[in-house]
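Reviewing the structure listed below.
Count residues from 1 along the sequence.
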Amino acid sequence: FTKVCVALLILTVLATATLSGYVLDNDSYYIQTIKWLNEYGLVPGIANWHIFLAQQSGFHILEAGLNLEFLGLGFNDVGLFMTLIMMLWSVLPSVINETEYQKAFRNLLVLILPFLLLLGTAPSPDAPVILIHYYVIYKFLFGKRDSKNLLIITFLTGLACCFKITSIFLGAFPLVLFFQIAGQRKKAILKPAMVTIAFAGLFVAKNTVASGHPLFPLTFLSLDVDWLMPIEMATFYSNATVAQAYGTTMNELAGMDLWSRWQLWIQHPGIERYLNGTVAAVLVFSMVALISYFKNVGMRTVLIAFLLF
């Protein structure tokens, strides 16, 4: 039975890889970003050419770097590859001793496979970021409180942040784990600190080259370079992005109070209405769970990080 499930899983992922991208951002900037990176690499001031190209997720840089055209390979789908690996990790028997809760947590990942496949039709950083979040939480809840586990969680957190900066709240897990390691903190801090500095340096470097703002899309810090993107352009883009999430214009959104924005968001037309409703339900459930498990440090950290994310 297990072999049949694995075979069906592999065939499903491979079939998904042949589909056109469903995600809206696939046509607005995913493909264009990867094409630019593949042909020209990191271009100084590319944000002034088109602000969408300034986002340049680390995941898209990775995709472009793996376009090894001299090998004649037309298949390059890192997101679905990661999905396949993590699904096999979820359904195959573990090689380590697990508790029932640990096994159930690992097996539950397969429930979001349809959503991951939907994201996987495009080179979206969301799929690998979701998978990294899930595995980090698994390692945090069930892994050993030692320097090795701290290094793994720190590396994955840095990788997720390079893929999508909103993953910054994952930093709560290595931080809490560091303080839980008794008697070996000085020894345990060196390698995770080096990993953190390396990923932070990559993030700052690619943003500086693309826009002149090291922490883009944040613009409070900028460098005096010829290709600096005007702050007005970044502000307009940020406001337009927020308005788009509500399905309205910037002027209309500016005149709405918090309750009106909530109603507009929860009643968003199309499939977004169901997705937003699901998110709202999960948030309510998480807040109730946070109150119930507040004394459990591990669960409390997971729930707080999830709510912030």
Side-chain angles (χ1 to χ4, degrees), residues 19-34 36 46-57 59-60 79 112 114-130 133 160-161 163-169 207 210-213 215-222 228-288 304-309:
L19 301 176
S20 299
Y22 172 80
V23 181
L24 181 62
D25 290 338
N26 183 58
D27 297 315
S28 62
Y29 77 95
Y30 286 173
I31 296 175
Q32 295 89 330
T33 298
I34 294 174
W36 268 91
I46 189 65
N48 294 290
W49 179 257
H50 199 300
I51 195 170
F52 283 8
L53 299 176
Q55 299 178 78
Q56 294 191 348
S57 164
F59 180 71
H60 294 144
I112 63 172
F115 181 62
L116 293 172
L117 292 177
L118 178 65
L119 293 174
T121 59
S124 169
D126 293 326
V129 164
I130 290 171
H133 273 69
C161 289
F163 285 176
K164 199 161 187 175
I165 191 56
T166 50
S167 302
I168 190 67
F169 297 111
N207 283 334
S211 67
H213 298 281
L215 302 179
F216 182 82
L218 301 178
T219 57
F220 66 88
L221 179 64
S222 61
L228 181 66
M229 179 183 65
I231 293 180
E232 293 80 7
M233 184 187 297
T235 302
F236 175 83
Y237 169 73
S238 178
N239 293 338
T241 301
V242 173
Q244 186 273 333
Y246 286 93
T248 186
T249 65
M250 290 186 291
N251 291 333
E252 291 179 350
L253 187 64
M256 293 182 179
D257 57 24
L258 188 60
W259 175 246
S260 299
R261 292 190 179 197
W262 161 258
Q263 289 181 307
L264 185 63
W265 182 78
I266 202 67
Q267 296 175 4
H268 201 292
I271 192 174
E272 286 85 357
R273 173 182 297 181
Y274 302 102
L275 293 176
N276 292 347
T278 302
V279 170
V282 171
L283 287 175
V284 172
F285 173 80
S286 298
M287 286 187 284
V288 174
I304 291 175
F306 176 76
L307 287 169
L308 291 174
F309 175 75

task: Taking the side chain as every heavy atom from C-beta outward, state whether S124 and F59 have any atom pair closer than 4.5 Å.
output: no
Rounded to the nearest 0.5 angstrom, the CG-CD1 distance for L117 and I112 is 10.0 Å
Minimal heavy-atom distance between A54 and N207, with the atoms involved, is O-OD1, 4.4 Å
Kindly say whether H213 contributes a backbone atom to a donor-acceptor pair with the side chain of S222 at under 3.5 angstrom?
no
Quick one: are W36 and Q56 in side-chain contact, heavy atoms under 4.5 Å?
-> no
Check your understanding: Below 4.5 Å, heavy atoms only, C-beta onward: do S211 and I51 meet side chain to side chain?
Key -> no
Closest non-hydrogen contact found for M250 with A240 is SD-N, 3.5 Å
For residues 117-129, the salt bridge (charged side-chain N to carboxylate O under 4.0 Å, His left out) pairs (sequence neighbours left out) are D126-K164
Heavy-atom closest pair (S167 atom, A160 atom, distance to 0.1 Å) is OG-O, 3.5 Å
Residues at least two apart in sequence or cross-chain that pass side-chain hydrogen bond (donor to acceptor under 3.5 Å, both in side chains) with E252, listed by chain then number, are T248
Does the H60 side chain pair with the main chain of P123, one donor and one acceptor, at a distance under 3.5 Å? yes
Taking side chain as C-beta onward, heavy atoms only, is Y237 less than 4.5 Å from Q55?
yes
To the nearest 0.5 Å, atom OG1 of T249 lies from atom CG of N239 at 11.5 Å
Rounding to 0.5 Å, atoms CZ (F236) and OG1 (T241) come to a distance of 9.5 Å
Report yes if some heavy atom in the side chain of I130 is under 4.5 Å from a heavy atom in the side chain of L119; otherwise report no.
yes
Closest non-hydrogen atoms of A47 and M229, given as atom of the first, atom of the second and distance, are CB-SD, 3.5 Å
Interatomic distance, SG@C161 vs CZ@F169, rounded to 0.5 Å, equals 10.0 Å
Query - Y246 and M256, any side-chain heavy atoms less than 4.5 Å apart - result: no
